[in-house]
There are 2 protein chains.
Amino acid sequence: MARVSIHNRQDSLERALHLFWQKGFHATSLKDLEKALDMRPGSIYATFGSKDGLFQEALERYARLGLAELDRTFQAYESPLAGLAAYLRALGGICDKELPSRACMLVKSLLELGERERIARDKAEALLAGMEARFVDRFAEAKKVGELDSRLDPVLLGRRLQAEIMGLRAFAQRDVDSAAVHALAEDMAQSLEALRADEVAEIV
Amino acid sequence: MARVSIHNRQDSLERALHLFWQKGFHATSLKDLEKALDMRPGSIYATFGSKDGLFQEALERYARLGLAELDRTFQAYESPLAGLAAYLRALGGICDKELPSRACMLVKSLLELGERERIARDKAEALLAGMEARFVDRFAEAKKVGELDSRLDPVLLGRRLQAEIMGLRAFAQRDVDSAAVHALAEDMAQSLEALRADEVAEIV
DNA sequence: GGTGGACTTGAATGAACGCTCAATATAGAG
DNA sequence: CTCTATATTGAGCGTTCATTCAAGTCCACC
């Protein structure tokens, strides 16, 4: 038919995600994107529509990859609580990885975006709600299999866990040493494991 | 001598703080500031030097007010743990107040600012470290008066508390209802109170 | 080996950005 | 009242912003 594209859409999106995650929406200019994607403005607009559109797709990709990692961790542990604790401990090693940012991109977006970027902001909120639901679901599962005391509320626990993760990653964004982040994550993981029904029984 | 200023520096700074806290550094333009401060660019630059300079002063003011409120809460409670729990519960009502943002401005800045605004970023980090130190100090005090088991580490507890607050306020930034935030804060407060030495004894 | 059509290019757009400075206004000192 | 010192003004600086589009490029197909 016609000329074939020299760019892989997924790959371009991955590079854009890297940049947006690192610098945030406002601080990432089209110049930056042109360089990172090795595309001229016309191509970027033909492919993604607008800077906002590209950002929203990047957000979705970020959340999709994050959820996949979450599920991978959960599937590696039969026990829901153990899976959640393992996820927390894995987050403790976030300083040792080479990432665009140690903070969660959804939280960065939630805090950065205002009324003028409402659509992207709402998307970030929705994606965060989706992650929260995943946590809630695991706690509900833990309750079902008797790991969790029946008096505990999975919704509250899920929110609390998400809040702890947000805090952990915001803390990691500071220029602190890796050991401190590991210690904090370990502490959170232990609190989580302390919810196990047989242990809770002792203090109720 | 000469013409007297028609603007109160503190008042101008307060208005700038309001704007920066609400919209963040990048999304706040000089046009916005001119309107909010009712000052023309020349006056703003004569008074504060630059947009960065104004932002840094706003950050400092924010932290100073935040620390003052912290200390006010602590002084209202003889027991360190009770003071910390009260501060958490007060944060639970953050949705009911009219604030520029429900998220912490220091965290917003930490997540938003990059290499190009390094000075302001470092300032935000330092101010966060200062708040963390305040929490650590209260936990150390709790340990000293025997409220806290001697095996617990005040530094870790302080960091954990700060992380929880960061998470709580990031959660509150989402479009959730006030009751959910109250419940989350209450849950965190109860975890904190469960650290009381006499209760810890039961599970150790 | 044209030719059609999708992809790419990059100069150009107007708007918005942070910021400057010569001009102006104003109040106290003499 | 005049002079002087400082505060304020706002037009305008050069730059950068996101975005557009006419022109050019290249491949599949006839």
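Predicted model, so just to flag it, every value in this text is computed and none were measured. Every heavy atom of this structure was used, including side-chain atoms; hydrogens, water molecules and symmetry mates were not. Within every chain, numbering begins at 1; the chains are lettered A, B, ... in the order of the sequence lines, protein sequences first and strands thereafter.
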| task | Have a look at B/I6 and say if it touches a base, only the backbone sugar-phosphate, or nothing, with a 4.0 Å heavy-atom cut-off. | result | sugar-phosphate

Atom CD1 of B/I44 and atom P of D/dT9 are separated, to the nearest Å, by 10 Å

Rounded to whole Å, NZ of A/K35 lies from P of C/dG10 at a distance of 15 Å

Once base and sugar-phosphate atoms are separated, protein heavy atoms under 4.0 Å mark nucleotides 11-21 of chain D, 5' to 3', with B, S and - as B-----SSBBB

Next on the checklist: Are A/Y87 and A/R72 packed together at the side-chain level, in the sense that at least one heavy-atom pair is separated by less than 4.5 angstrom?
Outcome noted: no

task = Check whether any side-chain heavy atom of A/K108 sits under 4.5 Å from a side-chain heavy atom of B/E112, and report yes or no.
result = no

Scanning both residues in full, the closest heavy-atom pair of B/R102 with B/A172 reads NE-O, 2.6 Å

**Prompt:** Checking B/R159 against B/F135: charged group under 6.0 Å from the ring centre and within 45 degrees of the axis?
**Reply:** no

Between B/E147 (side chain only) and B/R196 (backbone N and O only), is there a donor and an acceptor less than 3.5 Å apart?
no

Rounded to whole Å, CG of B/L37 lies from C1' of D/dG10 at a distance of 16 Å

query = Checking only heavy atoms, does the side chain of A/R3 share a donor-acceptor pair with the base of D/dT25 at less than 3.5 Å?
reply = yes

note: A/F48, atom CZ; C/dC7, atom C1'; distance rounded to Å ~ 14 Å

Between B/L84 and B/Y77, is there a side-chain heavy-atom distance shorter than 4.5 Å? no

*Taking only N and O in the side chain of A/H7, is any of them less than 4.0 Å away from OP1 or OP2 of C/dT8?*
yes

Rounded to whole Å, CZ of B/R40 lies from C1' of C/dA25 at a distance of 14 Å

